[in-house]
Enquirer: 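Quick one: the structure is below, questions incoming.
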Amino acid sequence: MSARERWLLALTALASLMIALDALVVTTALHSIALDLHASIADLEWTVNAYTLPFAVLLMAGAALGERHGRRRVLVGGLVLFGAASAGCALAPSLGWLIATRAVQGAAAAAVTPTALSVLSAAVGPERRPRMLGLFASITGLATAGGPLVGGAVVQDLAWQWIFWINVPIAAVLVPAVLARIDRDAGSPRALDYPGIGLISAAAFGLVWALVRANDAGWGSVEIVASMIGGVVALVAFVAWELRGAGVPLIPMRFFAARGFSAGNAAGFLLFAGTFSGAFFFAQFLQIVLGHGPLAAGLLLLPWTVTLFVVAPIAGAQINRIGARTLVSAGMLLQAAGFGCIALIAGPGMSYALLVLPFAVSGAGLSMAIPAAQSAVIGAVPQAAIGAASGTFNTARQLGGAFGIAITTAVFTGWGGIGSVSSFEDGFGPAVAVAAALALAGAAIGLLLPRRTAPVGVRPPGPVKATTGGPQM
């Protein structure tokens, strides 16, 4: 790996790490936020989904802006806005203020995430890309390992507001480093597909709004049904526009004919539906049911979270040899097995030692599936379309996260609540069982992935033959 590639990897992964850290650092702080701001389970869901909603809605817009105006410029602008919004969260005097500034964070994250991934993906060839994506996933995975731990340490020793202050110095360091180390790109001269951006944003908003509001308003309410129908109609209109009306489509629909692209996005949706659900409920279970403090809860989640840092780079390096199909299906099957075991054995007074193995198994599965699903999607499109593929995958991921939290929270509130240890436990088991079912569905989707991926219109390569110098990694 050249010095330039190391800088690109470090800066893009650190930017992605900050975004992912902010999504997960809140998990071990939820109980403290609830006590301090007198929040209900629905309020807590909004502290997560106020971030997720604009993130999911604006991801395709962020990816398109990066392709049109230059990835570096959009990446820097997103980092500046994210740092400012984080300071706003830290200064929030009320729950409403916190939710509003979380929404601004989500909008900034929608600019940072797809451009960071596309900068890295475009900088390396298809042979080296899976390995780089595995390393990218492992560094970003530090957020999975460190998010709950950092959140717990900060809440226990300082206050929950400091989980947002930590973003400010990270952004302040990243901005000048990106300007100095990432080459300026002029962007594409092609016009932006504004109708396409508007339609896909409306579709994402309608669908995610229905998911995050359904537990409060009722799944059969006029608001939720109308929002869901509106989202579906906008999605259908988007597909029709991209097929017939768009001069330069935001997402060429032919990409979905490639199994790597369509199945990879579907698997990513279900993968993060289960993962976000686990992050939302596991930290609360350790505190409310088993009685641990925030810092202890973060430490006790390490068998689940630290595996991403260890396993993801190994899985990324093996994608070309083993294939994304095997890694995605096997990984999500392991996640389903771990979650299912936790749903069966979790209860008041249980020994934490019983959770270590299922945490580790599910974490290892997650770590295998993430780089493989990303590689399948990005590897299925031409080089010029990497930004659109990155935006699509990240949109699917955020929609999956919102869907997972909404569905599992609905199950949780239907069976229990947060009023007591016993009521929390009553809802926890069924909610985690649903998360396991989502992962199992993802394992089945993963079987639809091709053994080898190639850009649309390009014949997949045959087996790699040995050469004198060996494969260049």
Enquirer: Mind listing the closest non-hydrogen atom pair of Ala15 and Leu75 along with its distance?
Expert: CB-CD1, 4.4 Å

Enquirer: What is the minimum heavy-atom distance between Gly404 and Leu438, and which atoms define it?
Expert: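 Scanning both residues completely, I find the closest heavy atoms to be CA-CD1, 4.3 Å.
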
Enquirer: For Phe55 and Tyr51, take the angle between the two ring planes, folded into 0 to 90°, and tell me which bin it lands in: parallel under 30, tilted 30 to 60, perpendicular over 60.
Expert: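 Rings of Phe55 and Tyr51: perpendicular, over 60°.
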
Enquirer: Does the pair Arg102 and Phe164 meet the rule for a side chain to side chain contact (heavy atoms under 4.5 Å, CB included), with working shown?
Expert: CA-CA 10 Å; Arg102 286 282 285 166; Phe164 300 110; 3.7 Å; yes

Enquirer: According to ring-ring contact (aromatic ring centres under 6.0 Å, His included), who are the partners of Phe403, at least two apart in sequence or on a separate chain?
Expert: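 Phe403 satisfies ring-ring contact (aromatic ring centres under 6.0 Å, His included) with Phe269 once adjacent residues are dropped.
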
Enquirer: Quick one: does Trp97's side chain have a donor or acceptor within less than 3.5 Å of a partner on Gly88's backbone?
Expert: yes

Enquirer: Nearest 0.5 angstrom please: Leu79 CG to Thr115 OG1, how far?
Expert: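 Answer for the CG-OG1 pair, Leu79 versus Thr115, is 7.5 Å.
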
Enquirer: I'd like to know if the side chain of Thr113 and the backbone of Ala109 have a donor-acceptor N/O pair within less than 3.5 Å.
Expert: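 Here the side-chain-to-backbone pair exists.
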
Enquirer: Which residues pass the side-chain hydrogen bond (donor to acceptor under 3.5 Å, both in side chains) test with Ser277, not counting sequence neighbours?
Expert: Thr408

Enquirer: So, for Ala324 and Ala376, which heavy atoms are closest and what is the spacing to 0.1 Å?
Expert: CB-CB, 4.0 Å

Enquirer: Locate the shortest heavy-atom distance separating Ala380 from Ala258; write the atom from each residue and the value.
Expert: CB-CB, 4.3 Å

Enquirer: First locate atom CD of Gln335, then atom CG of Leu270, and finally report the distance between them rounded to the nearest 0.5 Å.
Expert: 10.0 Å

Enquirer: Check the pair Thr392, Val377 against side chain to side chain contact (heavy atoms under 4.5 Å, CB included), reporting the backbone distance first and the verdict last.
Expert: CA-CA 9 Å; Thr392 305; Val377 171; 5.6 Å; no

Enquirer: Please evaluate residues Trp165 and Leu91 with respect to the criterion side chain to side chain contact (heavy atoms under 4.5 Å, CB included), reporting the C-alpha separation (whole Å), side-chain torsions for both, the decisive distance (0.1 Å), and the verdict.
Expert: CA-CA 9 Å; Trp165 280 124; Leu91 296 170; 3.7 Å; yes

Enquirer: Could you tell me the separation between the CG atom of Leu174 and the CE atom of Met18, rounded to the nearest 0.5 Å?
Expert: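 Spacing of CG (Leu174) from CE (Met18) equals 6.0 Å.
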
Enquirer: Once rounded to the nearest 0.5 Å, what's the spacing between atom CG of Leu355 and atom CZ of Phe285?
Expert: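 Output value for this atom pair is 6.0 Å.
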
Enquirer: Considering residues at least two apart in sequence or located in another chain, which fulfil the side-chain hydrogen bond (donor to acceptor under 3.5 Å, both in side chains) criterion with Ser86?
Expert: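 So Ser86 forms a side-chain hydrogen bond (donor to acceptor under 3.5 Å, both in side chains) with Gln105, Asn167.
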
Enquirer: Looking only at heavy atoms, what is the nearest atom pair of Ala108 and Gly78, with distance?
Expert: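 Of all heavy-atom pairs spanning Ala108 and Gly78, the closest is CB-O, 3.5 Å.
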
Enquirer: Determine yes or no for a side-chain-to-main-chain donor-acceptor pair under 3.5 angstrom, with Ser329 supplying the side chain and Leu447 the backbone.
Expert: yes

Enquirer: Once rounded to the nearest 0.5 Å, what's the spacing between atom CZ of Arg181 and atom CZ of Arg72?
Expert: 13.0 Å

Enquirer: Side chains of Ile200 and Leu235: does their closest heavy-atom pair fall under 4.5 Å?
Expert: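 Ile200 vs Leu235: side chains touch.
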
Enquirer: Using the side chain to side chain contact (heavy atoms under 4.5 Å, CB included) rule, take Phe359 and Leu302 through it: C-alpha gap first, then chi angles, then the decisive distance, then the call.
Expert: CA-CA 8 Å; Phe359 272 161; Leu302 283 178; over 6 Å; no

Enquirer: Does the plane of the ring in Phe282 sit parallel, tilted or perpendicular to the ring in Trp304? Use 30° and 60° as the thresholds.
Expert: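 Plane angle over 60°, so perpendicular.
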
Enquirer: Between Ile99, Leu98, Val104, which is the residue that forms a side chain to side chain contact (heavy atoms under 4.5 Å, CB included) with Cys89?
Expert: Leu98

Enquirer: Give the minimum heavy-atom separation between Ser367 and Gly363, together with the two atoms involved.
Expert: OG-O, 2.7 Å

Enquirer: Just verifying a value: how many Å separate Leu449 CG and Leu327 CG, rounded to the nearest 0.5 Å?
Expert: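 Between Leu449 CG and Leu327 CG, I get 10.0 Å after rounding to 0.5 Å.
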
Enquirer: Below 4.5 Å, heavy atoms only, C-beta onward: do Phe272 and Leu399 meet side chain to side chain?
Expert: no

